[in-house]
Amino acid sequence: MRLLHLFVLASMSGQIMFLSPVIASDIPVRVNNKTEPTLCAEKDNVTIELASPRLRSFRIDARHPNYIGGLSVDRSSADWHNCTGFPADPEYAFTPRRVTLYETASWQIVGYTFAKFWRVNSPPITVGTQVFRDIHLIQVWTRVDDRAEEILVLYPGDGYWRARPLPPKHLAWSAYGSSFLVGPVEVQGRPIVDISALRIDPENLTFHMNFMRGGTGWLRLSYLDRDIISLDASLEKAVPGEGVFAALRSMYVSDINNDAARIGWREPGAEVWREGGMLDVKQVNAAEVWIGRTVHSRHNTSAPDMIFGDFRDDGSARGSGPAKPTAN
């Protein structure tokens with residue numbers, strides 16, 4: 001058992017909100033690393049599953065890499081060297097559009113329909129009394145220092161999320177990197193979470209999901225600043241079968257060409273972290289998991305590290321109050 005820190009959040013209105021400290025159970029999760037080697041920097045060859053027969057809630061953090069303070073030149077261009085033999089995805093045609101799902105002076109949630117998408121069905125999305133259909137991408141934007149910053153995206157058709165903190169002040173922009181899945185993970189050509197319906201509570205920045213395989217869950221943006229973005233996730237019930245409740249998807253070619261290169265983990269009850277290379281760590285039991293980089297990468301150099309923790313079996317989640325995140 002361990003005591004989490006007391007968090008102080010400042011809402012966009014300037015109101016200070018305190019989140020009470022909570023006791024977190026150190027329940028273990030099984031980390032399955034199914035990464036396969038590749039020479040193509042645009043292939044998601046990294047698949048890391050998190051599984052537990054008990055888990056009901058957890059936390060996801062995206063944090064700038066340790067070298068971000070010394071980064072002066074970012075790299076984010078696609079690298080298609082050695083990229084051949086991609087399997088063809090199905091393509092279904094849609095009428096492209098952009099729609100604002102929610103907007104205030106400080107926050108905006110935008111939906112996009114693409115001209116083509118690899119899945120024919122996307123879940124209906126409810127925001128207030130409105131229902132939107134055939135939305136392939138959702139973006140969450142916030143306004144800080146008189147400019148808009150995109151900090152979270154979801155592809156509702158296959159359940160892929162990406163998150164990033166606000167960019168550090170010495171960089172005009174920072175990159176997305178690894179994607180993650182929340183909910184019962186299954187494979188339909190690639191790992192996905194099949195969402196049957198999505199309801200967005202924009203006042204609390206919470207996404208409520210109904211899953212095609214049964215059960216519900218939610219993901220809430222609970223903290224944001226220029227170092228980290230924190231998301232709380234909760235499931236109505238533990239995932240049956242192998243219990244894969246979340247997964248990370250990324251790319252790794254080498255230690256200098258990747259979106260994620262290393263895995264660190266703390267075993268339940270341990271007071272020390274262990275760490276290994278992306279192709280070396282196969283399966284571990286962990287109370288916390290870090291997936292990131294320690295040296296500059298040629299690919300999405302500023303992309304954040306990902307941390308999964310606060311694994312619990314009681315369905316509660318840190319930051320359950322109505323506070324909106326700070327954006328300082």
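Start at 1 with the first residue, then count along the sequence. Scope of the values below: all heavy atoms of this structure, side chains included, with no hydrogens, waters or symmetry mates.
Scored by the side-chain contact (heavy atoms from CB on, under 4.5 Å) test, D89 finds W118, R190 as partners (sequence neighbours excluded). Taking R274 as the reference, E267 meet the side chain to side chain donor-acceptor pair (under 3.5 Å) condition, with sequence neighbours excluded. In this view, T38 and C40, K43, N45, V253 satisfy the side-chain contact (heavy atoms from CB on, under 4.5 Å) rule, not counting sequence neighbours. The side-chain contact (heavy atoms from CB on, under 4.5 Å) search around V239 returns P184, L235, F245, not counting sequence neighbours. With sequence neighbours left out, L71 forms a side-chain contact (heavy atoms from CB on, under 4.5 Å) with I68, D74, L171, H296, T301, S302.
The salt bridge (Lys or Arg N to Asp or Glu O under 4.0 Å) pairs that include a residue from residues 100-123 are E91-K116, R119-D194, where partners are two or more places apart or lie in different chains. Each side chain to side chain donor-acceptor pair (under 3.5 Å) pair with one or both residues in residues 237-249, not counting sequence neighbours, appears once here: T47-R249, Y160-R249. Pairs passing the salt bridge (Lys or Arg N to Asp or Glu O under 4.0 Å) check and including a residue from residues 121-131, sequence neighbours excluded, do not occur. The disulfide bond (SG atoms under 2.5 Å apart) contacts involving residues 186-256 comprise nothing, where partners must be two or more places apart or lie in separate chains. Here salt bridge (Lys or Arg N to Asp or Glu O under 4.0 Å) pairs that include residues 151-170, with residues two or more places apart or in two chains, are E150-R164. For residues 123-134, there are no salt bridge (Lys or Arg N to Asp or Glu O under 4.0 Å) pairs, not counting sequence neighbours.
No donor-acceptor pair under 3.5 Å is formed between the side chain of D310 and the backbone N or O of S57. Remark: the backbone N or O of R220 is not paired with any side-chain donor or acceptor of T206 at under 3.5 angstrom. With hydrogens and angles disregarded, a donor-acceptor distance shorter than 3.5 Å links the side chain of S222 to the backbone of S230. Listed for the N300 side chain is no donor-acceptor partner under 3.5 Å among the backbone atoms of G177. Side-chain N or O atoms of H64 include one that pairs as donor or acceptor with a backbone N or O of L166 at under 3.5 Å. Using modelled atom types, one side-chain atom of R226 and one backbone atom of P167 make a donor-acceptor pair closer than 3.5 Å. Using a distance-only test at 3.5 Å, with no hydrogens or angles considered, no donor-acceptor pair links the side chain of S234 to the main chain of W218. Listed for the R56 side chain is a donor-acceptor partner under 3.5 Å among the backbone atoms of E236.
Using a 4.5 Å heavy-atom cutoff, the side chains of T142 and L224 are in contact. In this structure the side chain of I200 reaches within 4.5 angstrom of the side chain of I138, judged on heavy atoms. By the 4.5 Å heavy-atom criterion applied to side chains, S250 and I291 are not counted as neighbours. Annotation: side chain of N258 is not in contact with side chain of H299 (no heavy-atom distance under 4.5 Å). Using a 4.5 Å cut-off on side-chain heavy atoms (C-beta onward), T113 and I135 make contact. Put simply, the side chain of F58 reaches to within 4.5 Å of the side chain of F311, judged on heavy atoms. Contact check for D259 versus V46: no side-chain heavy atoms found under the 4.5 Å cut-off. Taking 4.5 Å as the limit, some side-chain heavy atom of L50 sits within range of a side-chain heavy atom of V31.
Taking a 4.5 Å side-chain heavy-atom cut-off between Ile, Leu, Val, Met, Phe, Trp and Tyr, the cluster of V187 contains only that residue.
With 3.5 Å as the limit, one finds a donor-acceptor pair spanning the side chains of Q139 and W141.
At a threshold of 4.0 Å, the pair K34-E36 does not count as salt-bridged, since none of the basic side-chain nitrogens sits closer than that to a carboxylate oxygen.
Using the six-membered ring where Trp is involved, F114 and Y155 have ring planes that are tilted, between 30° and 60° apart. Using the six-membered ring where Trp is involved, F180 and F308 have ring planes that are perpendicular, over 60° apart on the 30 and 60° scheme. Ring-plane geometry between H136 and F94 is classed as perpendicular, the angle between the planes exceeding 60 degrees on a 0 to 90 degree scale with a lower cut at 30.
L205 contributes atom CG, which lies 5.5 Å from atom CG of L221 (distance to the nearest 0.5 angstrom). To the nearest 0.5 Å, the span separating CG on D201 from OG1 on T126 amounts to 12.0 Å.
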(request) Check step by step if salt bridge (Lys or Arg N to Asp or Glu O under 4.0 Å) holds for R293 and D305. (result) CA-CA 7 Å; R293 301 182 284 204; D305 296 349; 5.1 Å; no
